[in-house]
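A short worksheet on the structure shown next.
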Amino acid sequence: MNLDNVIDGIKTWARVNSPWAIHFNSGSCNGCDIEILATLTPRYDLERFGIKLQGSPRHADILICTGPVTRQARERLIRIYEQMPEPKFVVAVGACALSGGTFRGCYNIMGGINEVIPVDAYIPGCPPRPEAIIDGVVKLLTSIQSPAPVENAPARVEETA
Amino acid sequence: MRLGSMWRDALSALVREPATQQYPFERLQAPEHLRSKLHWDLTNCTGCGLCAKDCPSDAIDVIVLDKKARKFVFRYHVDRCTFCSQCVMSCPKKCLEMANDEWELASLTPDDFLVYYGNEEDVETVLAAAASNGADASSTDTE
Amino acid sequence: MSAIAALLIFPGGVFLLLVGMIYEWIDRKLVARFQNRMGPRWFQPLADTIKLLAKEEVVPDGVDARLFFTLPVIALAGAMTAALYVPLVGFEASYSFSGDLIVTVYMLSLLTLGTGLAGANTLNRFSLIGATRTLTQLFSYEAPFLLALLGPAIVADSWQIGEITDYAGDHVWLLVTQPIGFLVALIGLMGKLELPPFDAPEAETEIVAGALTEYSGRGLALFHLGKGVELVIGLTLVAAFYLGGVTHPLIFVAKTLALLSILAGLQALMTRLRIDQTVGLWWRYGALLVLAQFLALIVWEGVM
Amino acid sequence: MPTTPTQENDVFRIPIGPQHPALKEPGHFEFTVDGEVVTAATLRLGYVHRGIEKGTEGRNWIQSLYLLERVCGICSHVHATAYCLGVEKLAGVEAPPRAQAIRVLVAELERIHSHMLWLGVAAHEAGFDMLFMYSWRDRETVMNLLEGITGNRVNYSANQLGGVKCDIDGEQADDIRVGLDFLEGRIKHYLDVVSQDTMFLRRTRGIGVMTREDCERMGIVGPTARASGVELDLRVHAPYAAYPEHPVNLVTATAGDLEARFIVRVNELFESIRLIREILDDLPEGDLSVRVPRRIPAGETISRVEAPRGELFYYIKSNRSDMADRVKVRTPTLPNMASVLEIAVGHQLADIPMILTGIDPCFSCNDRMVAINDPSRGEQAWTWEQLRQYGIEYYR
Ligand code: SF4
Ligand code: SF4
Ligand code: SF4
Ligand code: SF4
Ligand code: SF4
Ligand code: SF4
Ligand code: SF4
Ligand code: SF4
């Protein structure tokens, strides 16, 4: 029993300290994408936390998504999500990825990542500063480390007409 | 023609401190003009809804409970806001202001992104109405 | 009994894997520092490995599942076996026989071969190209590495790693007498390990992750570990042959680390070569130079 | 090469995108290769089509500004500027001189950030991460300045209809000068690197050559065209905002290969730095904005500005309501994109990401349909039926 706990502990430790990410642009304006890229560069250097940007969904633990999910990108987004091995987490970055942002109401968008795949962390901003992205990722990692008292299935924010 | 023309950078980087900032362990002061979370001040608001009208991403609902008694609730969708400050420019009464240091808004649930400003009892009225009537309880009044 | 211990714990097995990870960390950290960044924390490779081991392993459609699972194991096992014949961190090799140099070098190739086959085994187009490139690179860089190790073997007049290192320890550093061989060995090692600028086989911006694009979880972890092990063995061989043989363990480790920092520097400063340039570079210049040095050595030996 | 089902009729196709490390954005190229050599290329855009142009028709003039600013996060300011200039022209107002100067100042800072971003990305594609890391490290200087002036690092919202929102005080001006001095030194260094590093030149010299005629035939714009000797820069040839008062020197090169594109872009940085200093020394006093009516008089106009990647074109039509009747955007990357398909053929697969970055591609603004009318093939008008059919097949 105890051994199991220890092993679980080690697994969680490794998971928290080695989050490899893949980035997908589902129709964003690039603003968020360049800020994500900026987090890897010397000033912010996410490698400090063991985060590496991977090219192949098979190697990734975290899917970092931007954009309001255009109809064409939807299939791809789902496919990439499915290609990722368990356990996997999704981070939505930017106002568009959260709710459609300025593009709300445009005819060709789904209006947010969580309309298509489940999201684990939300980072608002247009775009969020690189520090804010780090903040969001750290919040996600902290929650993996010590799962909060289950607030599962986050209730939808109600829509107003 | 040279090989490895950046060797000087590489060597000096070895002896110098890395350019990396230690966020989140050390938090630097954000620039003075940074646009982050929006704040609303009831005092002068007339409930005219101009802010909501010009918001490009539908992030503001001005809920008018009672125009005469100036009972307004200001509902702000952080997840939709593009931090463009147009609402601040549009408000004729200067009720709106964007903080410059509240940019750590990330959250694990979208619930946190619905922010209500207003008198406590008014907000409660709105929340109660929303809870009892489902999604469409609070109609946005823009005029 | 001691054989099993040698294979599983020291100097093979766990110990070797740990050393491999430490070297990988040093490499990454140095590159990061060259780029004026902080770089990863010291336990990063360990965390990466454990995480990968604990992850789901997706078997893509259309692959030979048996091959898919065994290739990483074979690759790692090859690298580990090679470790038995080299004087790791300055300790006597666990095993030794005449001709073990050749066996070691071929055991090391197993990793590359395994990677290539693993890529060819999947249907992913990036993997296929990666595999082709990996194998192309294998053929063009295995040879120089071997040739570069052959130089010391010729002067020492032996194919046994132990004897060559003894010879190297008793004479002037071979770095001085065979500079070209040293350079080629170093570059060959980078080519073998697919380190930048010779990373065309896994060029991220062209073909995602090359041959290993479809690997996740355990398979990927094993390949990574294999790389780390190969790095250690390669550095050990080059240091032992060219930098004055096996001396005090601490001094020896310092030498391998010095080599590692040179590698890191080269990685940072160079632009990736296209695969045709990679191959061309070797066949046009490398091969000729080494062969010239070879001839010189043989003539020299004859004169003596 | 191993035989697999992906080989159809002995051709081996490599998809790049929509999710691919070489492209930070979704576009989809397919390269047919023979071994490592590309024999044909096709392009499919559309992953980023959000319906922005249509979107403007349901938003008021002010809201559209922010929507259009987000056509793209790399050169957001030029989009907003082009739109504002157009709408102001329709409304018959003109932004005050100080606002125009600040617009140009931000635009030039944006050009610096964009070119440095590109320099880094291009170096990364070539596998030269050192240059990537350093140019992005130094780019943070510009980002800091932009954030300090406008309040956001990317979608600055510096513009508003009738002027700008942000002012520049003495302290900020000093910050900018300090930042520019630092950058100037670094950019000199990068110019040395891209024009002298042997290993890097192996990946750029003589690769992706486009002649001046090619450029003119394909309608290539911006630094990509200027690297082939095409003398076209709207800041010089059709100056707008504060450019008439602060003339720009044209930067061109003749080689037309990737190296020339690097050199032209880096040299443009010096020009931008010079221009910003000039504006700071000579910033007109006065208001930051004028009032623009909510309803814009009926009419139509075009507005053109020089984006970091070339000519950006806006067509705006108003029917005297508070919303646009039609906004049409033509961005620089769209024509440039077509050139990739042509010059890719015959190159090594490994050169493709480099050629692609050579035009400084970014997809977010050019996901729309292009029909190139080839006069030699006669009339090519599409009937509604054909168009509909095409649409159905395209999106299927
Ligand atoms: S052309 Fe098609 S997609 Fe575009 S608005 Fe009309 S119906 Fe919609
Ligand atoms: S949130 Fe804003 S910056 Fe990010 S992709 Fe969307 S529009 Fe661009
Ligand atoms: S800042 Fe812009 S997006 Fe946010 S609420 Fe105000 S107007 Fe709307
Ligand atoms: S524009 Fe100002 S006064 Fe009018 S509703 Fe909004 S906050 Fe209140
Ligand atoms: S056509 Fe271009 S600008 Fe318009 S919505 Fe599509 S992607 Fe955006
Ligand atoms: S390209 Fe056509 S469908 Fe797309 S936004 Fe423009 S008008 Fe609408
Ligand atoms: S050319 Fe288009 S996608 Fe590229 S930076 Fe400019 S607006 Fe953005
Ligand atoms: S092809 Fe037709 S729709 Fe397209 S720009 Fe020309 S006239 Fe307009």
Side-chain angles (χ1 to χ4, degrees), chain A residues 29 31 39 41-49 68 89 91-105 111-112 114 119-140 142-144 147-148 151-161, chain B residues 9 13 17-28 30-31 34-37 52 55-63 75-84 86 102-115 126-127 129-131 133-142:
Chain A
C29 80
T39 58
T41 57
R43 179 162 164 204
Y44 305 102
D45 191 27
L46 271 185
E47 202 179 7
R48 283 183 293 149
F49 302 102
F89 304 92
V91 179
V93 177
C96 319
L98 265 52
S99 65
T102 19
F103 305 114
R104 289 173 65 78
N114 66 3
V119 175
D120 300 282
Y122 302 79
I123 308 178
C126 184
R129 319 171 73 201
E131 277 116 319
I133 299 179
I134 297 178
D135 171 53
V137 171
V138 169
K139 276 179 183 153
L140 173 70
T142 324
S143 83
I144 300 173
E151 304 168 35
N152 57 4
R156 263 286 146 65
V157 182
E158 97 268 28
E159 297 275 345
T160 25
Chain B
D9 298 280
E17 279 279 290
T20 313
Q21 294 172 359
Q22 292 301 321
Y23 186 84
F25 309 112
E26 276 168 38
R27 192 171 176 283
L28 293 181
L34 186 85
R35 300 189 301 265
S36 58
K37 197 171 170 185
C55 172
S57 43
D58 206 5
I60 301 174
D61 304 318
V62 181
I63 302 162
R75 181 166 49 190
Y76 170 48
H77 301 259
V78 183
D79 56 339
R80 299 182 190 170
C81 181
T82 56
F83 304 91
C84 63
Q86 179 58 45
E102 290 176 50
W103 44 268
E104 285 155 312
L105 298 164
S107 158
L108 302 180
T109 120
D111 300 340
D112 295 352
F113 296 136
L114 208 53
V115 177
V126 172
L127 283 176
N133 273 10
D136 251 331
S138 43
S139 68
T140 341
D141 194 341
T142 44

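Heavy-atom basis, side chains included; hydrogens, waters and symmetry copies ignored. Below, chain A is the first sequence line, B the second, and so on; all start at residue 1. As the structure is a prediction and not an experimental result, all values here were calculated from the model.
Between chain B and the options A:Thr41, A:Asp120, A:Val137, heavy-atom pairs under 4.5 Å are most frequent for A:Asp120. Residue with the most contacts toward chain B among A:Val91, A:Ile133, A:Thr102: A:Thr102 (heavy-atom pairs, distance under 4.5 Å). Contacts with chain B were tallied for A:Ala97, A:Gly136, A:Gly101; A:Gly101 has the most, counting heavy-atom pairs under 4.5 Å. Each of B:Pro56, B:Cys84, B:Cys81 has some count of heavy-atom pairs under 4.5 Å with chain A, and the biggest count is that of B:Pro56.
For A:Phe89, no part sits under 4.5 Å from any heavy atom of chain B, backbone or side chain. In this structure, chain B has heavy atoms under 4.5 Å from both the backbone and the side chain of A:Arg43.
Using a 4.5 Å heavy-atom threshold, the side chains of B:Leu34 and B:Trp103 count as touching.
With sequence neighbours excluded, the residues that form a side-chain contact (heavy atoms from CB on, under 4.5 Å) with B:Glu104 are A:Asp135, B:Tyr23, B:Arg27.
Note: B:Asp112 CG to A:Tyr122 OH = 10.5 Å, rounded to the nearest 0.5 Å. B:Gln86 contributes atom CD, which lies 10.0 Å from atom CD1 of B:Ile60 (distance to the nearest 0.5 angstrom). Here the CG atom belonging to A:Leu98 is positioned 8.5 Å from the CD1 atom belonging to A:Ile123, to the nearest 0.5 angstrom.
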